[in-house]
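Start at 1 with the first residue, then count along the sequence. Since this is a predicted model, take the numbers as computed values, not measurements.
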Amino acid sequence: MGSMSDQPARWTQATVHPDMWADPDDDPRDREGPGPEGELATLREFLEDYRTTLRMKCEGLDAEQLARRSVPPSTMSLLGLLRHLAEVERDWRNWIGDGEPLPKLYGEKDADFDGAVADQAVVDAAYADLEREQAATDAALAQHPDLGERVGKDEIAVRELMVHRIEEYARHCGHADLLRECVDGRVGQ
């Protein structure tokens with residue numbers, strides 16, 4: 001496994017704006033026309049854009065590159081981020097419901113990062129887990145379209161859950177920027 005101290009040459013695929021990840025015509029986040037109507041639609045669009053950004057930062061990498069750790073002692077990797085966000089999506093469903101908490105996907109604390117090993121089966125499972133958990137959390141929240149509604153045992157506002165989800169993805173997309181640049185030198189927002 002290569003080390004993050006190996007410094008690949010910086011590059012971008014974009015030709016129109018060299019500080020971007022992709023050219024506007026190739027960027028699935030670049031929409032024409034007016035923005036979304038209303039607060040809930042705006043929150044959902046921002047969340048989807050950050051989810052898309054994370055997937056874009058992982059595209060084109062093999063299992064070894066996705067599992068490559070950042071600087072020691074951190075166990076963070078792009079694959080670990082995929083697994084972590086699947087686990088977090090599941091945790092948010094625990095906040096929405098009143099029942100028994102769903103079990104952890106990967107086991108004990110930090111297993112999402114510790115178990116992010118360079119194996120294609122682990123990569124495939126991480127993507128499947130993330131997609132399934134995102135869809136399940138989206139479906140659970142769709143039952144509560146009023147952003148002011150309080151849900152779960154802790155009576156957390158739906159708005160707070162939505163903003164927290166956006167914040168979590170945004171923070172980890174920042175990590176993904178740095179991780180990807182260290183892996184193969186690709187840069188861009």
Side-chain angles (χ1 to χ4, degrees), residues 28-29 31 35-59 61 63 66-67 69-70 73-177 179:
R29 303 164 299 179
R31 298 173 188 85
E37 194 66 40
E39 184 180 5
L40 181 58
T42 300
L43 292 171
R44 286 179 175 156
E45 186 171 292
F46 270 83
L47 177 61
E48 187 53 41
D49 283 350
Y50 280 119
R51 286 173 169 176
T52 300
T53 299
L54 181 68
R55 286 189 303 271
M56 291 169 71
K57 295 296 177 172
C58 295
E59 285 176 354
L61 299 178
L66 287 168
R69 307 290 194 223
S70 63
S74 175
T75 60
M76 191 175 290
S77 66
L78 289 166
L79 179 56
L81 288 177
L82 295 172
R83 290 166 49 99
H84 171 71
L85 287 164
E87 192 77 78
V88 169
E89 289 280 356
R90 178 170 276 221
D91 285 344
W92 284 323
R93 280 204 321 287
N94 288 332
W95 295 0
I96 298 166
D98 291 325
E100 288 298 312
L102 297 165
K104 294 282 189 190
L105 285 173
Y106 305 113
E108 295 182 25
K109 183 176 171 40
D110 295 331
D112 40 4
F113 288 104
D114 294 337
V117 296
D119 179 316
Q120 191 59 48
V122 174
V123 171
D124 294 344
Y127 278 113
D129 290 345
L130 182 58
E131 186 175 325
R132 181 190 65 246
E133 296 302 322
Q134 287 172 337
T137 303
D138 290 347
L141 278 173
Q143 302 300 311
H144 307 281
D146 176 357
L147 291 171
E149 181 183 353
R150 298 206 168 262
V151 296
K153 293 178 222 162
D154 295 331
E155 296 187 6
I156 189 167
V158 172
R159 176 180 290 103
E160 185 177 347
L161 274 169
M162 290 296 295
V163 171
H164 184 60
R165 292 171 83 197
I166 293 165
E167 176 272 334
E168 184 84 10
Y169 277 90
R171 183 165 53 95
H172 290 313
C173 282
H175 294 133
D177 284 339
L179 288 163

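- To the nearest 0.5 angstrom, Tyr169 atom OH is 7.5 Å from Leu54 atom CG.
- Residues satisfying the salt bridge (charged side-chain N to carboxylate O under 4.0 Å, His left out) test with Arg93, not counting sequence neighbours, are Glu133.
- Minimum interatomic distance between Leu105 and Arg132 (heavy atoms only, all atoms of both residues): CD2-NH2, 3.5 Å.
- Using cut-offs of 30° and 60° on the angle between ring planes, the pair Trp92 and Trp95 is perpendicular.
- Listed by first and then second residue, the salt bridge (charged side-chain N to carboxylate O under 4.0 Å, His left out) pairs that reach into residues 134-143 are Arg51-Asp138, Asp138-Arg165, sequence neighbours excluded.
- Checked against side chain to side chain donor-acceptor pair (under 3.5 Å), Lys104 has the following partners two or more places apart in sequence or in another chain: Asp91.
- Judged as a side chain to side chain donor-acceptor pair (under 3.5 Å), and not counting sequence neighbours, the contacts of Arg159 are Glu39.
- The line from CG of Leu179 to CG of Leu79 is 11.0 Å long, rounded to the nearest 0.5 Å.
- Contacts of Arg44 classified as side-chain contact (heavy atoms from CB on, under 4.5 Å), with partners at least two apart in sequence or in another chain: Leu40, Met162.
- Considering Leu43, Leu47, Asp49, Thr42 in turn, Asp49 is the only one that fulfils the side chain to side chain contact (heavy atoms under 4.5 Å, CB included) rule with Glu45.
- Atom CD in Glu167 sits 10.0 Å away from atom OH in Tyr50 (nearest 0.5 Å).
- For the salt bridge (charged side-chain N to carboxylate O under 4.0 Å, His left out) test, no residue two or more places apart in sequence or in another chain qualifies with Glu160.
- Between Asp146 and Val158 there is no side-chain heavy-atom pair separated by less than 4.5 Å.
- Arg83 meets the salt bridge (charged side-chain N to carboxylate O under 4.0 Å, His left out) test with no other residue; sequence neighbours excluded.
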Just list the side-chain donor-acceptor pairs under 3.5 Å for residues 110-122, sequence neighbours left out, or say none.
residue: Asp112; atom: OD2; partner: His84; partner atom: ND1; Å: 3.0
residue: Asp119; atom: OD1; partner: Ala121; partner atom: N; Å: 2.7
residue: Gln120; atom: NE2; partner: Asp124; partner atom: OD1; Å: 2.8

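- Here the SG atom belonging to Cys58 is positioned 9.0 Å from the CG atom belonging to Leu130, to the nearest 0.5 angstrom.
- Considering all non-hydrogen atoms of both residues, Arg69 and Ser74 come closest at CB-O, 4.3 Å.
- Considering NE2 of His172 and CG of Leu78, their distance stands at 12.0 Å, rounded to 0.5 Å.
- For Asp177, the side chain to side chain donor-acceptor pair (under 3.5 Å) partners are Lys57, not counting sequence neighbours.
- Shown here are the side chain to side chain donor-acceptor pair (under 3.5 Å) partners of Arg150, two or more places apart in sequence or in another chain: there are none.
- Within the model, atoms CG of Asp129 and CD of Gln134 stand 11.0 Å from one another, a figure rounded to the nearest 0.5 Å.
- Residues satisfying the salt bridge (charged side-chain N to carboxylate O under 4.0 Å, His left out) test with Glu87, not counting sequence neighbours, are none.
- Residues in residues 121-157 take part in no ring-ring contact (aromatic ring centres under 6.0 Å, His included) pair, two or more places apart or across chains.
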